[in-house]
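Please read the structure below before turning to the comments.
Quantities reported herein were computed from a predicted structural model and do not represent experimental measurements.
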Amino acid sequence: MEPMQKGKILILGAGSIGSYLAAKFFHTNYHVDVIGRKADRIGDRLYINNQTFDFPLTSSEVNIQLTYDFIFLTCKVFDLKKNLHKLKERSPKSKVIILLQNCLFDISELERTYNQDLTSLLVYDGFNLSENRLKHTQGSGFLIGSDKHTESLLHLFKDSHIEIKKTENIQQHRIEKAIYNCVINIFSATHSKTIKELFADAEIIEHMQNILYESHEVLSQEMEIAQTKEIMWDNLSRLASNLDHHTSTYQDVRENKVTELAFLNGFIIDLGRKVGVATPLNIEAVDKFKRKYPNLY
C-alpha cells in the first residue's frame with residue numbers, strides 16, 4: 001500500500017537549490033511539481049553526495065487544478081518578478097510563496113505588487129549541480145524568519161531532514177548575506193576558484209576584505225548593520241575558508257549564463273552613488289569580471 005502524501009509543493013526554478021529541495025521533499029513523500037530548464041536533465045534520479053534520491057516528474061506549466069501548500073521560487077533574482085507575474089496570471093491556489101534569493105529586496109513591496117502572501121528563506125550551504133549529480137556542502141543550513149508561516153515551514157524542513165534554524169531578524173541576516181556574496185561570488189567566478197582556494201591566496205584575501213569593508217560602509221548609510229565590518233570579516237574567514245565548493249556565480253559562468261552580480265556588487269555601486277560613498281574597489285572588481293565575461297554581468 002502506497003503511503004499517504006503529506007502535502008503539495010511547487011518548485012519554480014530547478015537549479016542546485018531547487019533540485020535539492022525537490023528531491024528531499026519528494027523522498028519524504030510530499031507531492032512535488034518542478035518547473036525549470038535543468039530539471040529535464042536530471043531524469044528520475046538525483047544523486048546528492050552519492051546518495052540516491054528519486055526525482056519527481058517535471059512540468060512545463062503550473063497546474064492550476066491543485067492547491068499547493070507551498071510554492072518555492074528558487075529562480076535567479078532577475079527572474080523573480082517575471083515568475084511572480086506568471087503565478088499571478090495563472091493564479092494557482094497556494095497558502096504561501098517562499099522566496100529563496102540572496103539579494104536585498106523588499107518583500108512587502110512585492111506582496112503589494114503581486115497580491116501574494118510571501119515569505120523568504122536564506123541558505124548558508126553550498127550546492128553544485130552537474131547533470132543529475134549534486135554536491136551539497138554543509139554550512140549553517142537554511143534560515144527562516146518569524147511570521148505566520150514559520151511553524152509550517154519548520155515542520156516541512158525538519159520532516160524532510162533538512163537543517164533549518166529560526167531567527168527573529170531575517171532582514172539583518174539578508175543584509176549580511178548580501179555583503180558576503182559581494183565578497184566571495186565575484187572573485188570565485190573571476191578567478192575560477194572554490195571558496196577554500198580563494199582563502200588560500202593572500203592577494204585575493206586582501207581584495208575580498210577590502211570589498212567587504214567598502215560594501216559594509218555603503219550599506220550602513222541606508223540601513224542598520226548589527227555587526228561591525230571587522231567582526232563580519234572574522235566570521236567570514238572562520239566559516240567560509242574551509243568550504244571546498246564553487247559559488248553559484250562561478251556555476252553560472254561555467255554554463256555561460258548571466259550572473260546576479262548586477263544585483264550584488266552592482267547594487268553596492270549604485271547605492272554608493274546615491275549616498276555619496278565612493279566604491280572604487282567594487283567598480284574595479286566588476287570591471288575585471290566584465291573584461292573576462294562581457295556578456296555575463
Side-chain angles (χ1 to χ4, degrees), residues 15-21 48-50 74 76-77 100-104 121-130 133-143 162-165 173-216 219 227 229-268 281-282 284-286 288-289 292-293 296-297:
S16 301
I17 296 176
S19 299
Y20 172 82
L21 292 177
I48 303 176
N49 294 348
N50 297 319
T74 58
K76 296 293 185 183
V77 67
L100 262 158
Q101 288 71 35
N102 284 322
C103 308
L104 288 163
L121 295 177
L122 285 177
V123 61
Y124 286 91
D125 290 357
F127 301 90
N128 284 187
L129 176 67
S130 179
R133 294 190 176 274
L134 189 146
K135 179 182 178 183
H136 172 216
T137 304
Q138 188 69 49
S140 303
F142 287 78
L143 199 63
I162 302 172
E163 186 171 346
I164 188 167
K165 298 183 183 72
H173 287 280
R174 184 172 293 286
I175 292 168
E176 293 168 5
K177 180 78 185 294
I179 293 174
Y180 290 146
N181 284 335
C182 286
V183 173
I184 289 175
N185 288 31
I186 195 165
F187 289 105
S188 175
T190 303
H191 296 282
S192 302
K193 290 181 180 290
T194 66
I195 298 173
K196 184 177 181 178
E197 289 169 340
L198 293 177
F199 278 90
D201 187 311
E203 184 177 350
I204 293 177
I205 287 174
E206 183 179 356
H207 287 309
M208 290 195 298
Q209 184 177 15
N210 289 337
I211 288 282
L212 187 147
Y213 283 11
E214 183 176 271
S215 301
H216 189 286
L219 285 175
Q227 298 189 77
K229 59 188 179 183
E230 292 83 7
I231 290 175
M232 284 193 66
W233 175 251
D234 287 344
N235 289 341
L236 180 64
S237 302
R238 185 180 72 257
L239 298 173
S241 56
N242 290 317
L243 292 179
D244 194 18
H245 74 271
H246 291 98
T247 63
S248 58
T249 306
Y250 168 86
Q251 295 174 68
D252 291 338
V253 165
R254 184 184 64 190
E255 296 177 15
N256 200 36
K257 291 168 56 178
V258 175
T259 68
E260 294 179 313
L261 292 177
F263 295 87
L264 293 167
N265 303 82
F267 176 83
I268 296 295
L281 303 170
N282 277 278
E284 180 186 8
V286 166
K288 188 171 183 179
F289 177 85
K292 192 169 184 179
Y293 305 108
L296 302 184
Y297 178 73

Just how far is it from atom CG of Asn242 to atom OG1 of Thr194, taken to the nearest 0.5 Å?
10.5 Å
Does anything in residues 199-212 pair up under side chain to side chain donor-acceptor pair (under 3.5 Å), and if so which pairs, sequence neighbours excluded?
Gln209-Tyr213
Given the side-chain rings of Tyr293 and Phe289, with only the six-membered ring counted for Trp, is the space between their centroids under 6.0 Å?
yes
NZ/NE/NH1/NH2 to OD/OE distance under 4.0 Å, Arg174 and Glu176
no
Please identify each residue that fulfils ring-ring contact (aromatic ring centres under 6.0 Å, His included) with Phe263, with sequence neighbours left out.
none
Excluding sequence neighbours, so at least two apart, what forms side chain to side chain donor-acceptor pair (under 3.5 Å) with Lys177?
Asn102
Please identify each residue that fulfils side chain to side chain donor-acceptor pair (under 3.5 Å) with Gln101, with sequence neighbours left out.
none
Residues which pass side-chain contact (heavy atoms from CB on, under 4.5 Å) with Asn235, listed by chain and number, not counting sequence neighbours
Tyr180, Gln227, Ile231, Arg238
Applying ring-ring contact (aromatic ring centres under 6.0 Å, His included), can you list everything that pairs with Phe187, at least two apart in sequence or on another chain?
none
Applying side chain to side chain donor-acceptor pair (under 3.5 Å) to Ser19 and not counting sequence neighbours gives none
Ser215 vs Asn282, test: side chain to side chain contact (heavy atoms under 4.5 Å, CB included). Steps then yes/no.
CA-CA 8 Å; Ser215 301; Asn282 277 278; 3.4 Å; yes
Applying side-chain contact (heavy atoms from CB on, under 4.5 Å) to Ala240 and not counting sequence neighbours gives Ile184, Ile195, Phe199, Leu236, Leu243
Across all chains, not counting sequence neighbours, the side chain to side chain donor-acceptor pair (under 3.5 Å) partners of Asn128 are none
Listed partners of His246 passing ring-ring contact (aromatic ring centres under 6.0 Å, His included), at least two apart
Tyr250
Listed by chain and number, what are the side-chain contact (heavy atoms from CB on, under 4.5 Å) partners of Asn49, not counting sequence neighbours?
Lys135, His136
For Phe267, what residues pass the ring-ring contact (aromatic ring centres under 6.0 Å, His included) criterion, not counting sequence neighbours?
none
Would you indicate whether the side-chain heavy atoms of Leu198 and Ile205 approach each other to under 4.5 Å?
no
